[in-house]
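Inspection log for the structure reproduced underneath, given as structure tokens.
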Amino acid sequence: MASVPSLAATVHQRIADALSAALPEAGAADPLLRRSDRADFQANGVLGLAKKLKGNPRELAATVVAGLGTGAAGDVIADIEVSGPGFLNITVADSAITATLAARAADDRLGVPYAEHPGTTVIDYSQPNVAKEMHVGHLRSTVIGDAVTQILEHSGEKVIRRHHIGDWGTQFGMLIQYLIEHPHELDHESDTQRPAGSGSAGSGAAPGSAPDAEVDAEVGEAAMARLNRVYKASRAIFDSDEEFKTRARDRVVELQAGEAGTRALWHKIVDESKIYFQAVYHQLDVEIRDADVVGESAYNDDLATVCQELEESGVAVRSNGALCVFFDDVLGPDGNPTPLIVQKTNGGYGYAATDLAAIRDRIGVLKADTLLYVVDARQALHFKMVFETARRAGWLPENTAKQLAFGTVLGKDGKPFKTREGTTVRLVDLLDEAVERAAAVVREKSDGGLTEEEILEQAAQLGVGAVKYADLSTSLGRDYIFDLDRMVSLTGDTSVYLQYAYARIQSILRKAGDRKPKAHPELPLSPAERALGFRLDEFADTLASVGETYEPHKLASYVYSLASAYTTFYDQCPVLKEENPPELVENRLFFCELTARTLQQGMALLGIRTPAQL
Ligand code: ARG
């Protein structure tokens, strides 16, 4: 494993050194290097420097150029000239481009370095609620959280996942009481007698030969159906029967007191939900480990201490019996301060208390250096108040916690995405539809050479990838419109376009037979090869910046620009053409292969599959 400095970094260093040599009195000066279309790079740093030292920028630029003595064989800089008021236009040597790429190709990690100072990050993501359906908001949290986790781990960071599921609250009193009074409602027997092959409509799988995913999806659906039934039935009684209501409320007290039978039923409900969640995760192609599912209930025993410490330190005060934390800059619509309520008047603990307890655990016990929360932007005020409270209490060092607040998924009407009936869209329905649309694309592209099973497998990878990519290619805070037609399109900024680009490269590599990829730094490069080469070389720098700012959309836009550069290369630089000399074929195959590896790695970090054949 060797980290490979990018061409940009190497050139930057050369110019910085030349600047200091030309102007020792300036100390370390930034050449302000950037990519340019006049040459490969432009450095604008001379201007500011000349101004500061009251010199002539063009003269200073000329001195820097003279000092560089470029153009020697093997030098990274092939040409440098002064332009305009004192810019430096820099052209990189073809040989340096190919040699740098060869160094990347020789490394498993494509020359991507580990972070210099890795730490421990606790990331709170994919936090659905027990006994409820997962919806489109949980899609964002899961997909973004998974990508950020992969990207950070790839950089060497230790990442601890925390799925803070909603597994506690007064609604459990109602559900458990109902189960006590209707003891067989969550039993599985009623569902197991289904004939083989009676799965979801339109699955197309032959009876008895359903692939794994199908089975999982069915089991998950059945679990959710049972929970829905219990939820609806108990809600109906709760709303109509005052005596049941009282029994349900007493049940909450039993649950909190840890009464064994009550806890057992609670467990049953949570476990049933987890079966459903896992089925959705399977369909979504993300791995969520049970050990990382540490829901709200896990912090029960700490809540009293949290409140006591907050009250004793004066961070929180009693107001009408509730334990509250006030903020100067958080006012309600009436202009009065709106507090964070840590304990309600009736003694119950809420969402805020649990989050505060979780912070103490994550910093104090898990020893996190960074806390990330992948949660809907509409909870921004909650987290702002929770973080500030934890900071005042001395539990959370400054600038340690960050909410990766994501925007809302919108329907085509520009309003939060709803079904035609106005209810929230179930995540599974949406994924099913995406896969169905993708199947149509696969069918159209394939010339009858694929079996139905292969079509469905590819459709799953394309459809789910399309949904993930559409989400991840939008910057986190922005809302986006859920438009499946656009998402599964073969052209434009979609994962399907990227997956086809990848598969096309694989097909070229297969067709090449015994002609193997090999870098030939001695060969001159055409403009399309140079452009592709620079893109390939930017992978490591892109990942470093994505890991620092937690912006997966920058990785998405990188892989897209890489695939676009490849498309141009493919159009302009025939790889396997008869009359190409063998070295040229090898060198172009080398560009192809490195593009494929880089695309695959980049997409994998986003949680998107790259089938070898489409
Ligand atoms: N369960 C919540 C929801 O579905 C999200 C939980 C977010 N995480 C947290 N630590 N509060 O909206």
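Reckoned from all heavy atoms, side chains included, excluding hydrogens, waters and symmetry mates. Owing to the predicted nature of the structure, the values given are computational and were not obtained by experimental measurement. Atoms within each ligand, like the ligands themselves, are counted from 1 in listed order.
- Residue Val375 has at least one heavy-atom neighbour below 4.0 Å for each of these atoms of ligand 1: 7 (C), 8 (N).
- The pair Glu221-Arg426 meets the salt-bridge criterion, with a side-chain N (NZ, NE, NH1 or NH2) lying under 4.0 Å from an Asp/Glu carboxylate O.
- Contacts of His382 with ligand 1, taken as heavy-atom pairs under 4.0 Å, are absent altogether.
- With sequence neighbours excluded, the residues forming a salt bridge (Lys or Arg N to Asp or Glu O under 4.0 Å) with Asp290 are Lys274, listed by chain and number.
- Close contacts of ligand 1 with Phe383, meaning ligand atoms under 4.0 Å from a residue heavy atom, involve 9 (C), 11 (N).
- The heavy atom nearest to atom 1 (N) of ligand 1, out of those in Ile165, Asn129, Asp124, is found in Asn129.
- Cation-pi geometry between Arg109 and Tyr114 is satisfied (NZ or CZ under 6.0 Å from the ring centre, within 45° of the ring normal).
- With a 4.0 Å heavy-atom cut-off, ligand 1 is reached by no atom of Asp376.
- Shown in contact with Asp355 at under 4.0 Å from a heavy atom are these atoms of ligand 1, numbered in order with element: 9 (C), 10 (N), 11 (N).
- Using a 4.0 Å cut-off between heavy atoms, Tyr125 makes no contact with ligand 1 at all.
- Of the protein's non-hydrogen atoms, the one nearest atom 2 (C) of ligand 1 is Gln127 O, 3.7 Å.
- Just one residue in the list Trp266, Tyr351, Tyr299 forms a ring pair (Phe, Tyr, Trp, His ring centres under 6.0 Å) with Trp168, and that residue is Trp266.
- Taking distance alone, with nitrogen or oxygen atoms compared against 3.5 Å, His138 approaches ligand 1 more closely than that limit.
- Ranking the protein heavy atoms by distance from atom 6 (C) of ligand 1 puts Tyr351 OH, 3.2 Å first.
- Residues Asp124 and His163 have side chains that never bring a donor and an acceptor to within less than 3.5 angstrom of each other.
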- Task: Determine, stepwise, if the pair Gln461 / Arg609 fulfils side chain to side chain donor-acceptor pair (under 3.5 Å).
- Result: CA-CA 6 Å; Gln461 301 194 347; Arg609 303 254 173 194; 5.7 Å; no
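- Note on ligand 1: Gln379 sits in its first shell, one or more heavy atoms being nearer than 4.0 Å.
- At distances below 3.5 Å, at least one donor-acceptor pair connects side-chain atoms of Gln127 with backbone N or O atoms of Val374.
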Hey, can you pull the donor-acceptor pairs under 3.5 Å for the side chains in residues 403-413, sequence neighbours left out?
{"from": "Gln403", "atom 1": "NE2", "to": "Val375", "atom 2": "O", "distance (Å)": "3.0"}
{"from": "Gln403", "atom 1": "NE2", "to": "Asp376", "atom 2": "O", "distance (Å)": "3.0"}
{"from": "Asp413", "atom 1": "OD1", "to": "Lys415", "atom 2": "N", "distance (Å)": "3.0"}

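- Contacts between Thr354 and ligand 1 below 4.0 angstrom, taking non-hydrogen atoms only, are absent altogether.
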